[in-house]
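Just so we're on the same page: letters track the sequence lines, and every chain starts at 1. Any value given below was found using the heavy atoms of this structure, including those in side chains, with hydrogens, waters and symmetry copies removed.
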Amino acid sequence: MSLNLIYSVREGLLSLRRSRLATLWTLSTITITLTIFGVFLVLTFNIRSMIDKVRQQILLEVFIDNSLPTKDIENLQEEINSRSGVQETTFISKDAALARFKTEWGDDPLEVLDENPLPMSFEIRIAPSQRSENQIQDLVRSIEQLPGVDEVVYRGGIFKLVNTYGRYIYLADGVLLFLVLTSALFLVSNTLRLTILSQHKNIQIMRLVGATRTFIRRPYLVVGLLQGASGGILASVLVWVVFKLIRLRFPVHFIIPAPVIIAPILLGILLSFWGSQISVKRFLTDI
Amino acid sequence: MITLCDVWYRAGGNQILSEVNLSVESGESICLIGPSGAGKSTLLRLINMSILPTRGSVHVDCHDSRDMTASEIPILRRKLGFIFQDFKLLDDRDVYENVAFALWATGVRRSRIKKRVFQVLAEVGLSHKRYAMISELSGGEQQRVAIARALANEPFVLLADEPTGNLDPDTTREILDLVRRINGKGTAVLMATHKEDLVQNLPSRIVKIDNGRVTE
């Protein structure tokens, strides 16, 4: 390690120790800001995955003529598969439909009826790129016209809801994320400025004796990195604890993916590095 | 070595310096005398290039204020020693660290730092107090530490801005003796003061400044 770098790290650590109050204040601000960011990120992730899950469940049910021979069923399936917007079709035989009925309802229709009343069907999963209301309606109409198709059932209510409100949720989400990030940058750079202001005499003397701007700036970047990383780690732990506690008290299961838990640490490092660089730069031109 | 050629300086609507011409030769000692607000400190700051003249030029060693870049300023300052009335020391460090700070900041090697710090502390007579905290020192001792720091990088000129302003008469004499000794060893001295009687016994060229103009 070069002498200058050793000096920067040593001075950075010393300045943290010397201005304990400013350090504590900065660390608390960074931790709180990043915790809010982390909680928001986990909520965003879970809302988005819920919306995606609902969208994944959007199916068309195509009921087909019970008298259709196997060969024609296969042709019909191929025909449906070739339609634009169809991602996947699954054939549900009468037996499979009966088994599903029994599982879902707990009753066996054959106890009261002589034969299985449930029709054969195809379940159609729609490609994500073709999930607009108009595209689905077009697909429904085109399948309904195929020979051997009795009825196409599209349970569009929930889908309409998700499609309409999903857009607003994403928009609100983006705006909130922007606000959280902007305020995080503002808070972090301002609190780091406090630390740097408390060291103004050192900076003045360094300039007086001929230290270069890079040399003056480096210890404060070390300070920024250390505070950002520590604040980020503390925030990640707090986010994890917050959702653990929610899980203990309420029957809601939030998924906390690893990248989301690492995000406050990375953001902390990034913001502090950037914030301290801006602050010290501004301060160097001030005196 | 240092030349101020038709220097004018204006700040905040006030004309601080007008038509200043001054040169400092190698090893010379100059006392800049004038009342408070006459422009003495501004003149020193112009040499240090903390500020640049509004008109005219300041030439220090091989540096010229007219084509000075930001990256050149630290290089220039390493050749100058600067002391102040309020010492400008780091109160949370000891004597050794205050002097070493100037060398650390200019990228001097560790082995050289130790040797040089002991050397300059011996020069100002503070070797025995090298590990004392600044708050434990008297005003005179603090100014000696500031002088040691100013000398650490072996400047060719020592710029002193009212160096005895905060000191009693006895300590003032000690500091002036020290400055004279430093000058005797070949370092030029440019000292600004408002106390005319202070410089009567100094073997220095007197430059008077009043209302931003050099009068004699």
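The local environment of CZ in Phe118(B) is crowded, with over 12 non-hydrogen atoms from other residues, nucleotides or ligands closer than 6.0 Å. With a 6.0 Å radius and a threshold of 12 heavy atoms from other residues, nucleotides or ligands, Leu248(A) has its CG atom above the threshold. Crowding of Trp8(B) atom CH2: a count of heavy atoms from other residues, nucleotides or ligands under 6.0 Å exceeding 12. The environment of OH in Tyr168(A) is sparse: at most 12 heavy-atom neighbours from other residues, nucleotides or ligands sit within 6.0 Å. Counting non-hydrogen atoms of neighbouring residues, nucleotides and ligands closer than 6.0 angstrom, the NZ atom of Lys114(B) reaches no more than 12 such neighbours.
Proximity to chain A involves both the backbone and the side chain of Asp92(B), based on heavy atoms less than 4.5 angstrom apart. Contact annotation for Glu97(B): only side-chain heavy atoms (C-beta onward) come within less than 4.5 Å of a heavy atom of chain A. For Leu76(B), no part sits under 4.5 Å from any heavy atom of chain A, backbone or side chain.
Shown here are the side chain to side chain donor-acceptor pair (under 3.5 Å) partners of Thr29(A), two or more places apart in sequence or in another chain: there are none.
Highest contact tally toward chain A, considering only Ala152(B), Ala105(B), Gly81(B), Ser50(B), is held by Ala105(B) [criterion: heavy-atom pairs under 4.5 Å].
The two residues Trp104(B) and Phe215(A) have their closest heavy-atom pair at O-CZ, 3.1 Å. Contact detail for Val209(A) and Thr106(B): the closest heavy-atom pair is O-CG2, 3.3 Å. Taking both residues in full, the closest heavy atoms of Pro74(B) and Gly210(A) are given as CB-O, 3.3 Å, listed atom of the first, atom of the second, then distance.
Atoms CG and CD1, from Leu208(A) and Ile83(B) in turn, are 11.0 Å apart once rounded to the nearest 0.5 Å. Rounding to the nearest 0.5 angstrom, the gap separating the OG1 atom in Thr212(A) from the CD1 atom in Ile75(B) is 9.0 Å.
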List, one per line, each side-chain donor-acceptor pair under 3.5 Å for residues 258-271 of chain A, sequence neighbours excluded.
none

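Side chains of Asn202(A) and Arg93(B) form a contact here, defined as non-hydrogen atoms less than 4.5 Å apart.
Side chain of Arg77(B) to main chain of Ala211(A): no donor-acceptor pair is present (N/O by atom type, distance under 3.5 Å, no hydrogens or angles).
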- Task: List the steps, then state whether side chain to side chain contact (heavy atoms under 4.5 Å, CB included) holds for Ile73(B) with Arg213(A).
- Result: CA-CA 10 Å; Ile73(B) 290 175; Arg213(A) 281 171 181 249; over 6 Å; no
